[in-house]
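Below is one structure, written out as structure tokens, with a few remarks after it.
Just so it is clear, the structure is predicted and the values come from calculations on it, not from any experiment. We name chains A, B, ... by the order of the sequence lines, and we start the count at 1 in each one.
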Number of protein chains: 2
Amino acid sequence: MSQTLRHPEILEIARRDGKVTVERLAAHFGVTLQTIRRDLTDLAEAGRLDRVHGGAVLPSGTSNIGYEERRALNADTKRAIARACAADIPDGISLFLNIGTTTEAVARELLHHRDLLVVTNNMNVANILAANTDCEIVVTGGQLRRADGGLVGPLATGTIRQFKFDCAVIGCSALDADGDLLDFDIQEVSVSQAILRQSRRTVLVADHTKLSRTAPVRIASLADLDAMYSDADLPEKLAADCEGWATEVVRSWVVDDAGPSWQEPG
Amino acid sequence: MSQTLRHPEILEIARRDGKVTVERLAAHFGVTLQTIRRDLTDLAEAGRLDRVHGGAVLPSGTSNIGYEERRALNADTKRAIARACAADIPDGISLFLNIGTTTEAVARELLHHRDLLVVTNNMNVANILAANTDCEIVVTGGQLRRADGGLVGPLATGTIRQFKFDCAVIGCSALDADGDLLDFDIQEVSVSQAILRQSRRTVLVADHTKLSRTAPVRIASLADLDAMYSDADLPEKLAADCEGWATEVVRSWVVDDAGPSWQEPG
DNA sequence: CGCAAGTTGTTTGTTTTCGTAAATGTTCGA
DNA sequence: TCGAACATTTACGAAAACAAACAACTTGCG
């Protein structure tokens with residue numbers, strides 16, 4: 001019973017993307033398809049993955065299917081945004097991460113940060129960051145929303161009001177042309193607003209799909225935030241507005257990280 | 001006796017990169033492969049790293065693994081206890097489930113109950129019961145304990161004080177001959193005591209292994225509870241005490257519901 | 001100086017892993 | 001239902017990684 005250096009990384013990729021393919025992993029590690037198949041067989045026997053034709057998926061028993069699909073959607077894009085956001089987060093601060101697949105991606109990029117105090121109302125974020133033993137995790141209370149593992153309601157806002165964060169990373173369902181952050185659930189909006197009030201620095205993470213959607217409840221304006229991270233350029237007028245509001249706009253590009261993984265770190 | 005200077009640095013590199021290779025370390029330190037192998041063997045024996053072919057990786061969730069093993073331990077017994085407990089829980093009530101593998105088993109047996117309001121400080125319980133769409137789930141806030149997904153601390157007790165439960169199901173680490181419930185973590189004890197204060201009916205779930213163990217912090221006495229569910233008969237004196245305290249003792253038996261086990265013909 | 005304990009480099013034979021290739025299974029469209 | 005394309009399993013030899021034993025070296029001490 002011997003492990004392989006690849007196994008942990010395969011699991012990480014699987015958790016990140018929800019699935020892995022033999023072909024892609026072989027290209028990623030620079031080994032043959034057979035070798036990857038052997039790895040997947042081992043991991044499946046250990047119950048860490050479920051083997052499927054052409055690859056493997058996370059073992060069933062993890063939550064909501066619709067949610068998993070949504071998370072897999074634009075996974076590369078979200079990761080790129082999350083990486084840019086995480087790069088601007090220093091070690092040792094207090095940080096809030098709220099509901100949303102993009103904020104979860106940020107959590108994944110924070111796995112090697114140290115001495116963070118992370119407060120979240122997202123059970124998935126808590127689960128992800130539990131792997132980072134160098135940071136403390138606090139979960140707000142609240143009513144569990146099955147769709148995405150979010151905790152909302154007065155318990156959540158009440159907990160948040162007991163903190164003051166160095167930084168808050170929030171997501172939203174839509175971002176309209178006026179620079180207003182919008183969401184579907186009024187309870188979640190209350191939580192987001194409480195977060196904004198309790199934070200020294202607030203940043204938005206939102207991929208380009210948010211720009212072409214709309215939602216009924218207003219959270220705040222980009223004018224109220226310190227920065228936003230996205231994978232697309234903002235419409236010209238909104239970009240100008242942000243400049244006027246002193247809201248930093250960080251544009252990230254998707255990089256294909258499927259290349260060899262053993263580039264020597266400096 | 002000088003400890004090897006390389007060991008701390010190897011661990012640091014491992015934490016930074018998640019993994020180390022024999023080859024890279026040998027080049028880094030300017031020593032032979034054998035020497036690095038000896039270092040890695042030492043570190044693996046000390047439990048600081050997991051040895052793999054070609055290098056070593058961070059021990060993946062040492063605490064988590066211990067937990068998984070603990071959960072698998074006596075799974076049949078715990079399910080039997082949980083089934084008896086769940087059978088006495090009517091639909092439509094408010095219910096608290098706290099930390100513990102046995103309470104998680106109770107959650108699994110509640111998957112077909114209806115109209116429950118379940119409050120828990122156990123992330124695993126919340127994840128399990130999320131599958132039951134006929135009940136509402138509230139998670140208390142608190143500091144995340146990686147070992148078992150428990151939420152503890154003042155946030156947890158504060159949340160609990162905002163409720164009044166029809167029933168609370170609690171576990172404990174040990175149950176001594178005097179009928180005292182004991183635990184290891186004083187924070188968790190505070191939570192359990194808060195739960196007991198806020199509940200109309202309180203029950204304990206504990207398998208027989210709890211009777212032969214001990215722990216330092218006292219939660220309460222069986223005299224303060226309404227019922228206990230176990231898989232073993234209590235010692236004679238304690239059983240008599242429970243009768244005097246009007247504490248109902250429910251003894252359950254393991255039934256093999258796994259169907260016939262595999263029998264190869266011929 | 002000599003000795004003992006500890007560490008490292010070298011050599012040896014064994015175990016594990018990996019790539020190749022052929023045989024067997026699976027998927028999917030006609 | 002059939003067949004082609006793709007995926008998987010199986011087997012085997014080569015290469016890499018391994019553990020164990022021993023020699024050379026350093027260090028600490030009387």
Query raised in the report: Taking atom P of C/dT16 as reference, at what distance in whole Å does atom NE2 of A/His7 sit?
Result: 15 Å
Query raised in the report: Any side-chain heavy-atom pair from B/Arg6 and B/Leu25 closer than 4.5 angstrom?
Result: no
Report task. Measure the distance from CD on A/Glu45 to C1' on D/dT9 and round it to the nearest whole Å. Result -> 13 Å
Requested in this report: Could you check how far CD of B/Glu23 sits from P of C/dT17, rounded to whole Å?
Outcome: 17 Å
Query - Side-chain H-bond candidate by donor/acceptor type, A/Asp183 with A/Ser173, under 3.5 Å - result: yes
Query raised in the report: When you check the side-chain N and O atoms of A/Ser94 and A/Asp166, is any donor under 3.5 Å from an acceptor?
Result: yes
Query raised in the report: Relative to the 5' end of DNA chain C, which residue comes earlier, A/Asp39 or B/Leu33, by the nucleotide with the nearest heavy atom?
Result: B/Leu33
Query - Nucleotide nearest B/Thr32 when distance is taken to its side chain, options D/dC18, C/dG9, C/dT8 - result: C/dG9
Query - Flag if over 12 foreign heavy atoms under 6.0 Å of CZ, A/Arg51 - result: yes
Report task. Tell me which nucleotide among D/dA19, C/dC18, C/dT16 gets nearest to the side chain of B/His53. Result -> C/dT16
Query - Donor-acceptor side-chain pairing of A/Thr209 and A/Asp207 below 3.5 angstrom - result: yes
Report task. Round to the nearest Å and state the distance from A/Leu40 atom CG to D/dA7 atom P. Result -> 13 Å
Query raised in the report: So do A/Asp185 and A/Arg145 actually touch side chain to side chain, heavy atoms under 4.5 Å?
Result: yes
Query - Nearest-angstrom distance from the residue atom CD1 of A/Ile36 to P of C/dT17 - result: 14 Å
Query raised in the report: With respect to the phosphate group of C/dG19, does any side-chain polar atom (N or O) of A/Thr35 fall under 4.0 Å of OP1 or OP2?
Result: yes
Report summary line: As a check of understanding: the bend across the helix from C/dC1-D/dG30 to C/dA30-D/dT1, end axes from five pairs, rounded to 10 degrees, works out to 30°
Requested in this report: With DNA chain D as reference, determine whether B/Gln34 or A/Arg38 sits nearer its 5' end, using the nearest nucleotide of each.
Outcome: A/Arg38
Query - Distance below 4.0 Å between B/Arg37 side-chain N/O and C/dG9 OP1 or OP2 - result: no
Query - Interatomic distance, B/Arg6 CZ vs C/dG6 P [rounded to whole Å] - result: 16 Å
Query - Atom CZ of A/Arg213 with >12 non-hydrogen neighbours under 6.0 angstrom - result: yes
Report summary line: On DNA chain D, more 5' by nearest nucleotide between B/Val52 and A/Arg51 is A/Arg51
Query - Rounded distance in Å - CG (B/Leu25) to C1' (C/dT8) - result: 16 Å
